[in-house]
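Residue numbers start from 1 in every chain, and the chains themselves are labelled A, B, ... in the order their sequence lines are given, proteins ahead of strands. Everything quoted here is computed from the prediction, not taken from an experiment.
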Amino acid sequence: MIEFLGVSKWYGDVKVLDNCTLRVGQGEVVVVCGPSGSGKSTLIKCANGLEPFQQGSVSFNGISVGAKSTNLPQLRAQIGMVFQHFELFPHLSVLENLTLAQRKVLQRSESEASEKAKKLLGRVGLLEHSKKFPAQLSGGQQQRVAIARALSMDPRAMLFDEPTSALDPEMVHEVLDVMVNLASEGMTMIVVTHEMGFAKRVSNRVVFMDQGSIIEDRPTSQFFDSPSSTRAVEFLSRILRD
Amino acid sequence: MYDFDIDVIERSFAYLFRDGMSFSLQLTGLAMIGGLLFGTTLALLRLSNVRVLRLIAGGYVNLMRSLPLVLVIFWFYFLVPYVGAWLTGSGQPLKVGAFASALITFTLFEAAYYCEIIRAGIQSVPSGQVSAAHALGLTYAQTMSLVVLPQALRNMAPVLLTQTIILFQDTSLVYVISSTDFLGAASKVANRDHRLVEMYTFAALVYFLICFTGSLYVRRLQARLLVIR
């Protein structure tokens with residue numbers, strides 16, 4: 001469904017992605033982990049064209065992301081994305097955050113869009129906050145709204161870019177619960193995260209990156225039981241200690 | 001001791017406000033709207049990926065901000081009829097009223113200042129907002145008009161209003177093309193009735209009241225925006 005083939009990217013002289021190849025099939029949940037600066041976020045942002053790349057190819061359902069002929073806005077509408085810092089629109093109410101793109105991109109009517117939005121807000125347990133503005137919500141609540149906003153577009157896959165790393169510890173669970181739920185419904189997901197508990201529980205595969213390269217790409221249990229690279233072993237021992 | 005004649009204000013009240021002040025306010029309001037629209041366009045051009053557009057908009061803004069306003073008012077007053085004639089293909093210089101000429105001048109001049117404020121406003125919106133809008137499938141135009149500009153204008157509302165208060169004061173410069181704004185009206189009455197001190201004091205008081213009220217409002221707005229963010 002999502003396919004990265006030999007993707008390389010440079011910022012000036014610095015190579016931030018080095019020949020990355022990754023295939024994610026329909027319904028798969030793939031966790032991408034690695035030390036900070038290893039290129040995890042950059043890689044998943046190539047999947048919906050938020051980050052341009054210089055070499056290789058990325059395709060979504062057979063449509064090339066980098067090609068000039070591709071209608072990028074239309075492609076992006078099919079791929080939901082959740083950001084580290086939520087990125088809700090602060091000038092819009094929670095409900096409007098969910099209806100904006102539905103109306104403008106999918107051309108849904110006002111009532112259709114808000115019905116869909118309310119259903120999703122109910123699902124993430126925030127229906128009673130629909131009239132509030134993002135700044136009036138806690139971090140965990142904002143991130144749940146952000147997930148609902150992405151889902152309002154009926155995406156065929158979801159990208160999560162460190163969705164819990166900007167949250168206070170007590171709010172991590174409410175967000176992870178929503179994601180676990182989503183995975184159990186068969187959503188295709190690529191999740192950049194350091195939440196190894198989440199990875200163990202729901203992911204099919206774990207991808208370990210370091211210095212822009214994919215070092216390991218293995219089924220979850222194998223990755224945790226017997227990581228094959230010393231760098232992954234070091235990373236795991238550091239991250240699982242706390 | 002100078003013999004104050006307060007009565008002159010009462011006698012000329014209708015003329016001062018119905019003719020003079022309404023001219024000043026109309027010119028300020030319309031030039032603000034036009035300046036904001038053109039200024040926003042300039043700001044988007046200055047932030048464009050296309051180098052030529054950046055250079056043209058940047059050159060325009062720098063030129064306008066380097067010229068005295070009085071000079072620009074004169075310049076356009078004499079130039080606009082010829083440009084108009086050239087645009088309409090007429091052999092005669094186009095007859096442009098003083099108000100229209102002043103409005104065009106102030107719009108073009110203020111746009112340069114509004115542009116810089118709006119540009120700073122756009123840059124104050126975190127880039128993650130643009131990413132989020134793009135990720136939802138919004139186009140560049142939709143991202144700008146629905147996500148970035150509303151936040152940019154809201155963040156910059158106090159500065160934009162302050163600039164508009166300055167614009168209101170600057171409209172008094174239309175006296176150089178013999179238009180009658182509030183100050184112009186006061187000045188005419190002052191000369192006609194030989195009541196210079198009364199009229200200029202009264203005019204100063206009116207300008208002070210309007211502008212000071214405006215800046216008080218700006219301060220309250222700033223405080224409110226801090227709470228929202």
Side-chain angles (χ1 to χ4, degrees), chain A residues 41-42 44-45 47-52 71-92 96-108 113 133-136 142-143 145-155 157-162 166, chain B residues 36-37 39-40 43-44 47-51 54 114 117-161 217-218 220-229:
Chain A
S41 295
T42 311
I44 68 162
K45 282 178 181 161
N48 62 354
L50 284 183
E51 287 279 0
N71 183 334
L72 211 48
Q74 244 172 51
L75 184 74
R76 284 168 174 158
Q78 303 174 43
I79 309 173
M81 182 150 192
V82 175
F83 297 85
Q84 183 177 3
H85 297 289
F86 330 132
E87 303 302 349
L88 294 177
F89 305 133
H91 60 301
L92 300 178
E96 287 163 339
N97 262 280
L98 269 73
T99 56
L100 180 74
Q102 290 191 67
R103 290 190 292 115
K104 300 293 174 182
V105 180
L106 303 179
Q107 318 295 339
R108 286 180 184 157
F133 284 85
Q136 296 169 289
Q142 288 191 50
Q143 195 60 300
V145 172
I147 296 174
R149 177 176 72 178
L151 291 175
S152 73
M153 303 295 286
D154 291 319
M158 288 281 285
L159 307 171
F160 291 85
D161 184 11
E162 307 206 27
Chain B
L36 277 174
L37 290 175
T40 305
L44 291 175
L47 295 169
S48 141
N49 289 327
V50 185
R51 186 153 175 271
R54 275 203 311 271
Y114 284 132
I117 299 170
I118 293 165
R119 184 166 72 123
I122 291 173
Q123 286 172 327
S124 76
V125 177
S127 65
Q129 289 283 306
V130 176
S131 297
H134 281 162
L136 284 164
L138 296 172
T139 60
Y140 168 82
Q142 289 171 328
T143 300
M144 273 296 161
S145 62
L146 301 168
V147 176
V148 177
L149 282 176
Q151 294 185 58
L153 293 176
R154 191 188 69 180
N155 293 350
M156 288 295 142
V159 193
L160 289 170
L161 268 174
Y217 177 71
V218 167
R220 279 187 46 192
L221 192 66
Q222 263 167 338
R224 262 182 38 208
L225 283 174
L226 279 179
V227 175
I228 294 174
R229 263 185 279 167

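- One finds the CG atom of B:L138 at 9.5 Å from the NZ atom of A:K104 (value rounded to the nearest 0.5 Å).
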Could you check A:L100 against B:V147 for side-chain contact (heavy atoms from CB on, under 4.5 Å), going step by step and ending with a plain yes or no?
CA-CA 10 Å; A:L100 180 74; B:V147 176; 4.2 Å; yes
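- Shown here for A:L88 and B:Q129, the closest heavy-atom pair between the two residues is O-NE2, 2.8 Å.
- For chain A, the nearby part of B:Q142 is the side chain; its heavy atoms alone come within less than 4.5 Å.
- Residues A:F89 and B:A132 come closest through the heavy atom pair CE2-CB, 4.2 Å.
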Quick one: side chains of residues 72-81 of chain A, donor-acceptor pairs under 3.5 Å with protein atoms, not counting sequence neighbours, listed by atom name and distance.
{"residue": "A:R76", "atom": "NE", "partner": "A:N48", "partner atom": "O", "Å": "2.8"}
{"residue": "A:R76", "atom": "NH2", "partner": "A:G49", "partner atom": "O", "Å": "2.8"}

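- The distance from atom NE2 of A:H91 to atom CG of B:L153, rounded to the nearest 0.5 Å, is 10.5 Å.
- Crowding of B:Y217 atom OH: a count of heavy atoms from other residues, nucleotides or ligands under 6.0 Å not exceeding 12.
- Counting non-hydrogen atoms of other residues, nucleotides and ligands closer than 6.0 Å to CZ of B:R220 gives a total of 12 or fewer.
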